Amino acid sequence: MQFRHKIAGGDFANAGKVASSVKKILRQLNIDHTISKRVVIALYEGEVNVVAHAYSGIVEVEIDESRIRITLTEKGPGIEDIEKAMEEGYSTATPQVREMGFGAGMGLSNMKRNSDSMKITSTPGEGTVVELINNIRANAG
Amino acid sequence: MKITDITEKLDLKVLAGTDGLKTDITGGYVSDLLSDVMGNAREGQVWITLQTHQNTIAVASLKDLAAIIIVKGAKPESDTISKANSENIPLLSTTLDTFTIAGLLFELLKME
């Protein structure tokens, strides 16, 4: 199963829509709840990152028997220092975004903690690609 | 304990999401940072916050939270109310501050 969604930068009203539809699909597929909860957290944070930092992005979700693979490809300013961005509490979010309770510097660490594998590649001035993989245990469901 | 029990005992105003009032409560979580709630709140908890915008409803729905209590009589935006109704997330309001309402809810849940 494979699908893709577009996300517009700055579109806070729809942040979480992709995570919500993936949550429903994972339920229908009878994926273990502890796995789907982690996927939903990681994907939500990925969506918010696109909305808060990028100009536009595409989320691709691939689900097979062994894993859930999410790729967030966004056009935006990119990340200068990925290691720094991964630090809990570090954020480049604007004051407006912070006032909403976002931009606390927890997004990327939430994504890392809630995925089995996370890869970030970024080109400053162009954009960022984040790949998240969550394995599905053989006895799940 | 259900949401209807706490709305009555803690004198909470129900602003939206009346279809979710029968939900059982497993506990509470206090935070104004959405990523903190996303990462750490658990299913069935009541979320106490001063945030009033619609993203709170998306977070509550994704995390299967039982309800949101908005503190200090803050008024949510109209799109927050309509989203709470469509997602069946009870949106509750108190005039009390976070410390006080969290303490009262804690005492109430402890008695169970």
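Note on naming: letters A, B, ... go to the chains in the order of the sequence lines (proteins, then strands), and numbering restarts at 1 for each one. As the structure is a computational prediction, the values presented were derived from the model and not from experiment.
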May I ask whether [X] and [Y] are part of the same hydrophobic cluster, defined by side-chain heavy atoms of I, L, V, M, F, W, Y residues being less than 4.5 angstrom apart, directly or through others?
X      : Y     : answer
A:I120 : A:V39 : yes
B:I101 : B:V14 : yes
B:I48  : B:L15 : no
B:I25  : B:L91 : no
B:W47  : B:L21 : no

Residue [X] excluded, over 12 heavy atoms near [atom1] under 6.0 Å:
X     : atom1 : value
A:F3  : CZ    : yes
B:K2  : NZ    : yes
A:E80 : CD    : no

- Task: Check the pair B:D36, A:M106 against side chain to side chain contact (heavy atoms under 4.5 Å, CB included), reporting the backbone distance first and the verdict last.
- Result: CA-CA 7 Å; B:D36 178 34; A:M106 299 171 79; 3.7 Å; yes
- Heavy-atom pairs under 4.5 Å with chain A are the metric here; pick the option from B:D32, B:T49, B:N55 that has the most. B:N55
- Item | Distance in Å, A:K23 NZ paired with B:D64 CG, rounded so as to fall on 0.5 Å steps | 3.5 Å
- A:Y44 versus chain B, the contacting section by heavy-atom distance below 4.5 Å: side chain
- Message: Is A:A13 in contact with chain B via its backbone, its side chain, both, or neither, using a 4.5 Å heavy-atom distance?
- Response: both
- Query: Where do A:I41 and B:K63 land on the side chain to side chain contact (heavy atoms under 4.5 Å, CB included) test, with the steps shown first?
  - Reply: CA-CA 8 Å; A:I41 295 169; B:K63 295 293 287 185; 3.3 Å; yes
- Query: So, A:K37 side chain and B:R42 main chain: donor-acceptor pair closer than 3.5 Å or not?
  - Reply: no
- Message: So does B:M38 get a backbone contact from the side chain of A:N110, meaning a donor-acceptor N/O pair under 3.5 Å?
- Response: no
- Which region of B:D79, side chain (C-beta onward) or backbone (N, CA, C, O), has a non-hydrogen atom less than 4.5 Å from a non-hydrogen atom of chain A, or is it both or neither? neither
- Note on the structure: All heavy atoms of A:M100 vs all of B:L34, minimum pair found to be O-CD1, 3.2 Å
- Return the minimal non-hydrogen interatomic distance between A:A15 and B:A58, and the atom names on each side. O-CB, 3.8 Å
